[in-house]
Amino acid sequence: VAKERNRGVAVYDASEDAHDPGRLALLTELRRAIDQRELVLHYQPKISLPTGEVSGVEALVRWEHPRRGMVPPDRFIPLAEHTGLIGPLTRYVLDVALRQARRWLDEGHPLPIAVNLAARNLADPDLCDDVLRLLDEHGVPANLLCLELTESAITTEPEHALHLMTRLRAAGISLAVDDFGTGYTSLAQLKNLPITELKIDRTFVGTMTVERSNGLIVRAIVDLARNLGLTTVAEGVEDADTFTALASNGCAVAQGYHMSRPLPADAFDRWYAETRAV
Ligand code: C2E
Ligand code: CA
Ligand code: CA
Ligand code: CA
């Protein structure tokens, strides 16, 4: 596995960071953290709006740093992307997420699990094979895995994105366009992508009940997605009003602090057991 993980690690370019010792230190530590399995996943439920049931989870990476404390992904994912560490990092996250998916399967309540891909992953020629191998190793059916690609990643790497997405989808993996509404994907592009899900960015969802224009944007995206046969997921649902408004707009799935923050696996399991007991 160590050999696998080292594949695709780019040589560090000192010139890029020459003036930022903090960044260099973080990079050195991140490389070690992946090997030491210091990165952990938190799980946030996706809730079906018509039924209120948990329809799946999104895995979100955090770095439990021995001295710096909990480092959020926004601090180290961009760094990993700039240095080629994103390849090993993504494979590590997939490995942990699929092990968890297998656990839920064994416990008798299979949960679809979503993992985020970075823009740089789209051009990785081995990624698809490695994803399929990991599914196989963990004995997780492909339809329990969803990969989330941001709208901006797809538009920066359109050819690579289409090629990779076509292969992943053919294998039965679900594909979501993340942060939808923040980029410039045309309707024509969207129609030609082999996707299953649109995730409406939380900048629209968060203020949809107080800013009329954002409410209209959310409704337009929900209608668009329905016409294209896609599942719509609203992210950043922070209150009951937003939850209700989304349900009446015909949005399929909601995700946000109102239902649950991303939780470590054991806390998620307790939360999930409680929701099922109700
Ligand atoms: P994202 O994929 O859009 O993930 C949703 C982010 O919104 C998460 O932040 C989540 O904790 C946060 N969130 C969820 N519900 C709410 C809410 O109701 N209100 C607000 N204000 N925020 C909410 P997080 O975990 O800090 O992740 C930030 C970003 O880092 C993610 O955005 C994703 O782009 C990236 N990321 C996280 N994990 C991974 C990973 O394993 N691989 C890659 N490539 N990127 C990751
Ligand atoms: Ca996401
Ligand atoms: Ca998002
Ligand atoms: Ca985001």
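Residue numbers start at 1 and run along the sequence shown. Counting starts at 1 for both ligands and their atoms, following the listed order.
Residue nearest to atom 37 (C) of ligand 1, selected from Thr182, Thr90, Leu60, Val96: Leu60 (by heavy-atom distance). Of all the listed residues (Glu148, Lys199, Glu238, His42), Glu238 holds the heavy atom that lies closest to atom 21 (N) of ligand 1. Between atom 1 (P) of ligand 1 and the options Val61, Ile86, Asp178, the minimum heavy-atom separation is to Asp178. Of the candidates Ala176, Pro73, Ala234, Ala59, the one placing a heavy atom closest to atom 26 (O) of ligand 1 is Pro73.
Checking Ser48 against Thr51 by side-chain atom types alone, a donor-acceptor pair falls below 3.5 Å. With no hydrogens or angles considered, a side-chain donor-acceptor pair links Asp239 and Thr242 at under 3.5 Å. Thr207 and Asn214 share a donor-acceptor pair across their side chains, judged by distance under 3.5 Å alone. Side-chain contact annotation: Asp241 with Thr209, donor-acceptor N/O pair under 3.5 Å absent.
For residues 250-265, the side-chain hydrogen bond (donor to acceptor under 3.5 Å, both in side chains) pairs, not counting sequence neighbours, are Gln44-Gln255, Glu58-Gln255, Lys199-Gln255.
Within the 4.0 Å heavy-atom cutoff, His258 does not count among the residues contacting ligand 1. For Pro262, the closest heavy-atom approach to ligand 1 falls below 4.0 Å. The shortest heavy-atom distance from Arg62 to ligand 1 is under 4.0 Å.
Checking only distances, Asn121 never comes within under 3.5 Å of ligand 1, N or O to N or O. Ligand 1 has a nitrogen or oxygen under 3.5 angstrom from a nitrogen or oxygen of Tyr257.
In the displayed structure, Arg62 atom CZ is contacted under 6.0 Å by more than 12 heavy atoms of other residues, nucleotides or ligands.
Contact annotation: for Asn116 versus ligand 1, heavy atoms closer than 4.0 Å belong to both the backbone and the side chain. Using a 4.0 Å cut-off between heavy atoms, Gln255 makes no contact with ligand 1 at all.
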Query raised in the report: Could you go step by step and tell me if Glu238 and Arg202 meet the salt bridge (charged side-chain N to carboxylate O under 4.0 Å, His left out) rule?
Result: CA-CA 10 Å; Glu238 294 186 354; Arg202 69 177 141 89; over 6 Å; no
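Ion pairing of Asp35 with Arg32 is absent here, as no side-chain N (NZ or NE/NH1/NH2) approaches a carboxylate O to less than 4.0 Å. Salt-bridge check for Asp124 with Arg91: passed, with a basic side-chain N closer than 4.0 Å to an acidic carboxylate O. Using a cut-off of 4.0 Å between Lys/Arg side-chain N and Asp/Glu carboxylate O, Arg37 and Asp95 are scored as salt-bridged.
The backbone N or O of Leu39 sits less than 3.5 Å from a side-chain atom of Tyr92, completing a donor-acceptor pair.
Of all the atoms in ligand 1, the ones that sit under 4.0 Å from a non-hydrogen atom of Val93 are 41 (O). Numbered from 1 in the order shown, with element, the atoms of ligand 1 that lie under 4.0 Å from a heavy atom of Asp179 read 3 (O). In summary, the atoms of ligand 1 found under 4.0 Å from a heavy atom of Gln44, numbered by their order in the structure, are 14 (C), 15 (N). Annotation for ligand 1: atoms under 4.0 Å from non-hydrogen atoms of Asp74 are 28 (C), 29 (C), 30 (O). Each of the atoms 2 (O), 4 (O) of ligand 1 lies under 4.0 Å from some heavy atom of Glu58.
Between Phe268 and His42, the ring center distance fails the sub-6.0 Å criterion.
If you chain together hydrophobic residues whose side chains sit under 4.5 Å apart, Leu94 and Trp104 fall into the same group.
Nearest heavy atoms, Ala97 versus Tyr43: CA-OH, 4.3 Å.
Ordered by chain and number, Glu58 OE2, Asn116 OD1, Glu148 OE1, Asp178 OD2 make up the set of protein N, O or S atoms under 3.0 Å of the Ca ion (ligand 2).
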